[in-house]
Amino acid sequence: MPDLERPYRLAARDGQAEPTVVTIGQLRIGEGCPVVVMAGPCTVESRDQTLTTAQWIKAQGATVLRGGAYKPSTSPYGFQGLGAEGLEILAEARAVTGLPIITEVMDPRSVELVCRYADILQIGTRSMQNYDLLREVGKTKTPVCLKRGMSATLTEWLQAAEYILLGGNPNVILCERGIRTFETYTRNTLDLAAVPALRELTHLPIIVDPSQGTGRASLVAALSKGAVAVGADGLLIEVHPDPKNALKDALQQVTPEEFAALMHGLRPIADAINRGVA
Ligand code: PEP
Ligand code: MN
């Protein structure tokens, strides 16, 4: 008999006493660990753009490089990413900087390929309910960053995580990235209440993406601080050497200088809650 009162089990806090800590080399992501900052361009556009950004964010204290090679695009005319060539560029950036990489996988048929490059697989908001994709990444042991569907409730999101856990992959990180509301000034409404709410509901690590969450570069630093203050285990931040000319998400990517200031403002918050930045 299906137990409709318990829509997820493996993800539930009451099913596992210890918090899940996802490890990538020396890096630990989860409750009680130092705050992990993942940063980099929305999209891998070129070798130069990615390597420059990777070196900059590393110098400022980020510990994971982000960048999309396969990009979900609302418009079919929008840039779709460099694909396999983008993965090669990310691998080179990792070799140069030593930073692990997080990158999106959209197609169940690409999971094997993307796993050869990614230290963390990103499942985007538009794919949160692609159950075939969730099952496929569940067969791997590669950490998965599962973004919240833009219209998903916390229960639906945790049920999506359950698909991955049920497949045998325990390394799931949840990422709040904003939800659709009536407000249009911000691209999405970043639901910071989700962070302490999820802490009650699940043992999984929780990170926040203030870039997709606000859609405005000017708001990213404040929401990064807010996210850490409410207990996020990490941040996913878009940084571009020349945001105005970015091929995607031009309005929300911060410049390298803005990222440096953001990191400076973040440290006292992370220290105040006795976590520090990884
Ligand atoms: C992104 O991180 O660039 C992205 C496309 O995220 P989301 O799936 O949250 O829109
Ligand atoms: Mn983006």
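Keep in mind that the numbers below use all heavy atoms, side chains included, and drop hydrogens, waters and symmetry copies. These numbers were taken from a predicted model, which means no experiment stands behind them. In this chain, numbering begins with 1 at the start of the sequence shown. For ligands, and for the atoms within them, numbers begin at 1 and follow the listed sequence.
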(message) Once you restrict to heavy atoms under 4.0 Å, what part of Q122 touches ligand 1? Side chain, backbone, both or neither.
(response)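 The part of Q122 near ligand 1 is the side chain, not the backbone.
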Within the 4.0 Å heavy-atom cut-off, what K248 brings close to ligand 1 is neither
What is the closest protein heavy atom to [atom], and at what distance does it sit?
atom                   : answer
atom 1 (C) of ligand 1 : Q212 NE2, 3.2 Å
atom 2 (O) of ligand 1 : R66 NH1, 2.9 Å
atom 8 (O) of ligand 1 : T125 N, 2.8 Å
atom 5 (C) of ligand 1 : K71 NZ, 3.8 Å

Practice item. Check whether NZ of the Lys or CZ of the Arg R216 lies under 6.0 Å from the centre of the six-membered ring of Y185 and within 45 degrees of that ring's axis. Key: yes
Determine, stepwise, if the pair K248 / S73 fulfils side-chain hydrogen bond (donor to acceptor under 3.5 Å, both in side chains). CA-CA 9 Å; K248 291 192 89 68; S73 180; 3.3 Å; yes
Under 4.0 Å between a Lys/Arg side-chain N and an Asp/Glu carboxylate O for [X] and [Y]?
X    : Y    : result
E162 : R9   : no
R66  : E104 : no
R28  : D233 : no

query = With a 4.0 Å cut-off on heavy atoms, is C42 touching ligand 1?
reply =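 Yes, C42 has heavy atoms under 4.0 Å from ligand 1.
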**Item:** ligand 1 contact by R148, heavy-atom criterion under 4.0 angstrom
**Value:** no
Heavy-atom proximity to atom 6 (O) of ligand 1 ranks first, among K147, R177, Q253, E176, for K147
query: the Mn ion (ligand 2): which protein N, O or S atoms are under 2.8 Å away?
result: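 Listed by chain and number: C42 SG, E238 OE2, D249 OD2.
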### Query
Any luck finding a side-chain donor-acceptor pair between H264 and Q60 under 3.5 Å?
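Looking only at side-chain atoms, Q60 and H264 do not form any donor-acceptor pair under 3.5 Å.
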Checking K147 against W157 for the side chain to side chain contact (heavy atoms under 4.5 Å, CB included) test, could you report, in this order, the C-alpha distance in whole Å, the side-chain angles of both residues, the deciding distance, and whether it holds?
CA-CA 8 Å; K147 290 193 154 199; W157 187 9; over 6 Å; no
With a 3.5 Å distance limit and no angle check, can you tell me whether N171 reaches the backbone of V22 through a side-chain donor-acceptor pair?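 The answer is no, because no donor-acceptor pair under 3.5 Å joins these two groups.
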Next item on the list: Identify the two heavy atoms, one from M128 and one from A160, that lie closest to each other, and give their separation to 0.1 Å.
Entry: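 For M128 versus A160, the nearest heavy atoms are O-CB, 3.5 Å.
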Only one of Q212, R126, R187 passes side chain to side chain contact (heavy atoms under 4.5 Å, CB included) with M150, and that residue is R126
Which of the atoms of ligand 1 are close to G124, meaning less than 4.0 Å from one of its heavy atoms?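 So the atoms of ligand 1 that pass are 8 (O).
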Criterion side chain to side chain contact (heavy atoms under 4.5 Å, CB included) on M38 and I237, from CA distance to verdict | CA-CA 6 Å; M38 309 182 188; I237 297 173; over 6 Å; no
